[in-house]
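Please read the structure below before turning to the comments.
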Number of protein chains: 2
Amino acid sequence: MGDQDLKKSGLKVTTPRLKILYILEQDKTGHLRAEDIFSKLKEENQDVSLATVYRVLTSFEEVGLIKKHNFSDGHAVFEINHGEHHDHLVCNECGLIEEFVDDTIEKRQEDIAKNKGFKIIDHTMIIYGICRNCQNG
Amino acid sequence: MGDQDLKKSGLKVTTPRLKILYILEQDKTGHLRAEDIFSKLKEENQDVSLATVYRVLTSFEEVGLIKKHNFSDGHAVFEINHGEHHDHLVCNECGLIEEFVDDTIEKRQEDIAKNKGFKIIDHTMIIYGICRNCQNG
DNA sequence: GTCCGTGCAAAGGATTTGCATAATC
DNA sequence: GATTATGCAAATCCTTTGCACGGAC
């Protein structure tokens with residue numbers, strides 16, 4: 001499985017790449033930092049250096065296997081690219097990340113870009129707030 | 001003028017703060033990095049350390065005098081907070097930044113947050129693309 | 001065997017911090 | 001005069017890079 005994904009992407013199949021791809025696929029939060037991946041590898045006694053984690057993430061992003069997002073606390077998070085674009089809600093208290101898609105917003109964005117003469121490459125939208133749980137806490 | 005803004009915000013009036021506020025107010029792009037401000041101060045022979053620039057920007061942000069935005073190339077930019085929220089279009093070629101406001105999008109965001117049980121604190125939306133100029137270049 | 005991927009340690013950029021001094025209120 | 005801001009240099013966080021070695025194809 002991971003094997004196929006890597007080959008299809010034109011990347012050589014190596015242990016670090018397989019392991020990291022697997023971690024990204026299994027992740028429930030869907031949004032891991034390089035450090036998080038590094039820790040998970042360590043937990044499994046996988047000897048992969050942090051430098052390699054970054055290099056693997058970079059090449060995964062280049063071939064479109066994953067997506068990178070920059071949140072306001074200065075670090076990047078990565079998630080498997082399932083093809084369908086989506087945006088994010090981030091809880092400022094607990095860090096919970098929820099995803100959403102909204103066609104109305106997507107369409108408006110295209111109109112806006114067109115008006116300004118921009119050719120869209122990508123876009124990110126992040127709503128920062130307090131999630132239900134933290135409000136009740 | 002700057003004097004008043006600072007006093008109203010409960011910040012002590014100091015030369016670095018006045019100078020930095022002035023630079024932010026005068027800036028045409030509306031989006032400066034800490035380094036940019038530091039350079040501008042140097043050009044004017046103002047002896048303000050980079051550390052102070054960061055500290056001043058942080059306190060300005062805390063009192064709501066300015067807004068901070070995190071773009072995808074890893075550094076933050078700052079702009080005067082004129083009260084009205086707006087979002088950004090960024091050119092990946094030349095770095096041009098354009099602003100826009102769209103009520104439809106704003107409203108949809110509120111609905112989405114409400115559905116998910118989030119209390120919105122803030123949000124950012126950035127469209128990355130190629131501007132008209134760079135497309136023709 | 002060739003080429004690409006990896007580990008290690010060192011470098012890099014952006015931002016923060018500790019401490020002594022200097023300025024504001 | 002008490003409190004807060006500043007300068008300087010060192011520290012920190014996240015990420016990248018140079019180089020020699022090891023593994024994939």
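By convention in this document, chain letters (A, B, ...) are assigned in the order of the sequence lines, proteins followed by strands, and residues within each chain are numbered from 1.
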Whole-Å gap separating C1' (dC14(D)) and CG (Asn70(A)): 12 Å

Residues in salt bridge (charged side-chain N to carboxylate O under 4.0 Å, His left out) contact with Arg132(A), at least two apart in sequence or another chain: none

Residue list, side chain to side chain contact (heavy atoms under 4.5 Å, CB included) with His75(B), at least two apart or on another chain: Arg33(B), Asp73(B), Val77(B)

Separation of atom NE2 in His75(B) from atom P in dT15(D), rounded to whole Å: 15 Å

Contact list for residues 94-137 of chain A, test ring pair (Phe, Tyr, Trp, His ring centres under 6.0 Å), sequence neighbours left out: His85(A)-His123(A)

Side-chain N,O (Tyr54(A)) to OP1/OP2 (dT15(D)) below 4.0 Å: yes

Residues Asp102(B), Lys107(B): salt bridge by 4.0 Å N-O rule: no

Partner residues of Glu44(B) under the side chain to side chain donor-acceptor pair (under 3.5 Å) criterion, sequence neighbours left out: none

Separation of dA11(D) C1' from Leu50(B) CG (nearest whole Å): 15 Å

Covered region of DNA chain C, 5' end to 3' end, by chain B [heavy atoms, under 4.0 Å]: dA14(C) to dC25(C)

Any residue meeting side chain to side chain donor-acceptor pair (under 3.5 Å) with Asn81(B), in chain and number order, not counting sequence neighbours: none

Rounded distance (nearest 0.5 Å) linking atom NE2 of His31(B) with atom CD of Glu98(B): 10.5 Å

Most 5' of Glu35(B) and Ala51(B) on DNA chain C, judged by nearest nucleotide: Glu35(B)

Give every donor-acceptor pair under 3.5 Å between a side-chain atom in residues 8-20 of chain A and any protein atom, sequence neighbours left out.
{"unit_1": "Ser9(A)", "atom_1": "OG", "unit_2": "Asp5(A)", "atom_2": "O", "d": "2.8"}
{"unit_1": "Thr14(A)", "atom_1": "OG1", "unit_2": "Arg17(A)", "atom_2": "N", "d": "3.4"}
{"unit_1": "Arg17(A)", "atom_1": "NH1", "unit_2": "Lys12(A)", "atom_2": "O", "d": "3.0"}

Partners meeting side chain to side chain contact (heavy atoms under 4.5 Å, CB included) with Thr58(A) (sequence neighbours left out): Glu62(A)

Contacting residues from residues 39-49 of chain B, given that a heavy atom lies under 4.0 angstrom of DNA chain D: Asp47(B), Val48(B), Ser49(B)

Thr52(A) or Ala76(B), whichever maps to the more 5' nucleotide of DNA chain C: Thr52(A)

d(NZ, Lys68(A); C1', dC14(D)) in whole Å: 10 Å

Test side chain to side chain donor-acceptor pair (under 3.5 Å) applied to Ser49(A) - qualifying residues, sequence neighbours left out: Thr52(A)

Ser39(A): side chain to side chain contact (heavy atoms under 4.5 Å, CB included) partners, not counting sequence neighbours: none

Annotated protein contacts, base or backbone, on nucleotides 19-25 of chain D with a non-hydrogen cut-off under 4.0 Å, one of B, S, - each: -----SS

